[in-house]
Amino acid sequence: MNTPASRWPAPTLSARDGALWLEELPLAEIAARFGTPTYVYSRAALAAAFAAWQDALAGRRALVCYAVKANSNLGILSVFARLGAGFDIVSGGELARVLAAGGRADKVVFSGVGKTRAEMRQALLAGIRCFNVESAAELEHLDAVAGELGVRAPVSLRVNPDVDPKTHPYISTGLKGNKFGVAFADAPAIYRRAAALPNLHITGVACHIGSQLLDRAPIAEAAQKLRDLVEHLAADGMALEHIDLGGGLGIRYRDETPPPVAEYLAPLLEVFAGRAEELCFEPGRSLVGNAGLLLTRIEYLKPGETKNFAIVDAAMNDLARPALYDAWHEVVEVAARTHAPSTYDVVGPICESGDFLARERSLAVAEGDLLAILSAGAYGMTMASNYNTRPRAAEILVDGASAHVVRERETVEELFARERTPG
Ligand SMILES: *Cc1c(COP(=O)(O)O)cnc(C)c1O
């Protein structure tokens, strides 16, 4: 093993006689039973991550809405539903998943800049908690759809507090010039418009400034802006029921030091101390990221003049983050080290130079060995594709010594089952 267990980001991962285990199961056994590539999640790690949020919010009226897009597997959603979580969704499809997994509609908040009328109808009929509306035009659509159904739509306005989250530009969402939310300065006028529409019921305000936040100052700054807005609206006769501070808390992939949940939340709780509104949060990555890994097998070792490649059976279609964001994931050998280490780029079989999972890693491996790509629980499987007609991976939820198949491996026939030749 290159790294002592204490340094691994996944809390439920351990090395036993040099072999890697997740909870009470050896990863080699999971690979033997279910094949590779396979996503493997720890139920205990999911529960621990959720408990950290619940504990940090104890004594405060608050709701933790898991951001479904981070990992939307029904098995994962059902774990969070049983723990009492709410859900942050961004599509009608995600709403259907939440309900199928036993989640409660009245704990669902619906984010996203492009909600269709059909999605609004679906969510209104289900009775969701709130629409996080992202534009003035969306208000008009929502009012019309609610009117057709004879209901009033609960509305929060997602405002753009224009703070720099100091994260990757692709995952920063709260700056001016960003497609998300409404400009902070426009918010009071848009609230007034919402209040005038007959089929809307103003319930809150929301923001989400970005993802993989490692610094708590930007969200604290956003919170102060939101509090000022809430006070301004109250003076204008619009009392809000909840304040949604979004998601975004970062995790450790390599050597990042994100604040623990309680530290991250402390300044926010301070900003809203003594206020009656319910506080909502929409964490995704921080609940699932380090609860999952991608298990893959080395097909070939290919030594080269300037680089050595470990060609594995997982690829960018399974885990897009390295190719998409140049993201760094820890890669560890699943079996005890018996070979001499060499430096490898860990790549997949896809016909793209961007198809890499990790670069320049010291690994002690042979052909046929298993690797675990850590911190893959968030934005892993949900961003997977079928590029190169590759069936998507299986997903396994480990619970103690049990392994539950929460998604069977796709078959090739399923991939083209809806296609037709023109005859
Ligand atoms: C993506 C997203 C989240 C979750 O972000 P994480 O960084 O995974 O915590 C929460 N809220 C909204 C509106 C989002 O778009």
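Heavy atoms only: backbone and side chains are in, while hydrogens, waters and symmetry mates are out. All residue numbers refer to positions in the sequence shown, counting from 1. Counting starts at 1 for both ligands and their atoms, following the listed order. Note that the coordinates shown come from a computational prediction; the quantities given were computed from them, not determined experimentally.
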Undergrad: Would you mind running through ligand 1 and noting each atom that sits below 4.0 Å from a heavy atom of Ser111?
TA: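 Taking each heavy atom of Ser111 in turn, ligand 1 has 13 (C) under 4.0 Å.
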Undergrad: For the CZ atom on Arg117, are there more than 12 heavy atoms of other groups (residues, nucleotides or ligands in this structure) within a distance under 6.0 Å?
TA: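 Check fails, neighbour count at 12 or below.
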Undergrad: Is the closest N or O pair between Ala70 and ligand 1 shorter than 3.5 Å?
TA: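 It does not: no N or O of Ala70 is found under 3.5 Å from an N or O of ligand 1.
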Undergrad: Going by the order shown, which atoms of ligand 1 are within less than 4.0 Å of some heavy atom of Ala67?
TA: 3 (C), 4 (C), 10 (C)
Undergrad: At a non-hydrogen distance cut-off of under 4.0 Å, which region of His208 contacts ligand 1 (side chain, backbone, both, or neither)?
TA: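 Only the side chain of His208 comes within reach of ligand 1.
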Undergrad: So which of Arg392, Arg409, Arg390 actually passes salt bridge (charged side-chain N to carboxylate O under 4.0 Å, His left out) with Asp318?
TA: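 In the set Arg392, Arg409, Arg390, the residue that makes a salt bridge (charged side-chain N to carboxylate O under 4.0 Å, His left out) with Asp318 is Arg390.
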Undergrad: Can you list the ligand 1 atoms lying under 4.0 Å from a non-hydrogen atom of Lys69?
TA: 1 (C), 2 (C), 3 (C), 4 (C), 14 (C), 15 (O)
Undergrad: Go through ligand 1 atom by atom and flag the ones less than 4.0 Å from a non-hydrogen atom of Arg158.
TA: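 Under 4.0 Å from Arg158, ligand 1 has these atoms: 13 (C).
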Undergrad: Could you tell me whether some N/O pair between Gly248 and ligand 1 is separated by less than 3.5 angstrom?
TA: yes
Undergrad: Determine, using heavy atoms of Ala378 and all atoms of ligand 1, whether some pair is separated by less than 4.0 Å.
TA: no
Undergrad: Would Tyr379 count as a contact residue for ligand 1, given that I'm defining contact as a non-hydrogen atom of the residue lying under 4.0 Å from a ligand atom?
TA: yes
Undergrad: I'd like to know whether CZ of Arg61 has more than 12 heavy-atom contacts from other residues, nucleotides or ligands below 6.0 angstrom.
TA: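 Check passes, neighbour count above 12.
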Undergrad: Between the main-chain N or O of Leu370 and the side-chain N or O of Glu333, is there a donor-acceptor pair closer than 3.5 Å?
TA: no
Undergrad: Below 4.0 Å, non-hydrogen atoms only: which portion of Pro283 touches ligand 1? Side chain, backbone, both or neither.
TA: backbone
Undergrad: Examine distances only and state if a side-chain atom of Glu119 and a backbone atom of Gly92 form a donor-acceptor pair shorter than 3.5 Å.
TA: yes
Undergrad: Is there a ring-ring contact (aromatic ring centres under 6.0 Å, His included) between His329 and Tyr253? Walk through the geometry before answering.
TA: CA-CA 6 Å; His329 285 264; Tyr253 286 98; 5.3 Å; yes
Undergrad: Which of the atoms of ligand 1 are close to Glu282, meaning less than 4.0 Å from one of its heavy atoms?
TA: 3 (C), 4 (C), 9 (O), 10 (C), 11 (N), 12 (C), 13 (C)
Undergrad: Does the distance from a Lys or Arg side-chain N to an Asp or Glu carboxylate O, for Asp345 and Lys307, drop under 4.0 Å?
TA: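 So Asp345 pairs with Lys307 through a salt bridge.
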Undergrad: Under 4.0 Å from ligand 1, counting heavy atoms only, is it the side chain of Asn132, its backbone, both or neither?
TA: neither
Undergrad: Taking only heavy atoms of Arg285, which atoms of ligand 1 are found under 4.0 Å from at least one of them?
TA: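 Here the atoms of ligand 1 in question are 6 (P), 8 (O), 9 (O).
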Undergrad: Closer than 4.0 angstrom, basic N to acidic O: yes or no for Arg252 and Glu330?
TA: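 Judged by the 4.0 Å cut-off on N to carboxylate O distance, Arg252 and Glu330 do not form a salt bridge.
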Undergrad: Calculate, to the nearest 0.5 Å, the distance between atoms OH and CG belonging to Tyr264 and Leu214 respectively.
TA: 10.5 Å
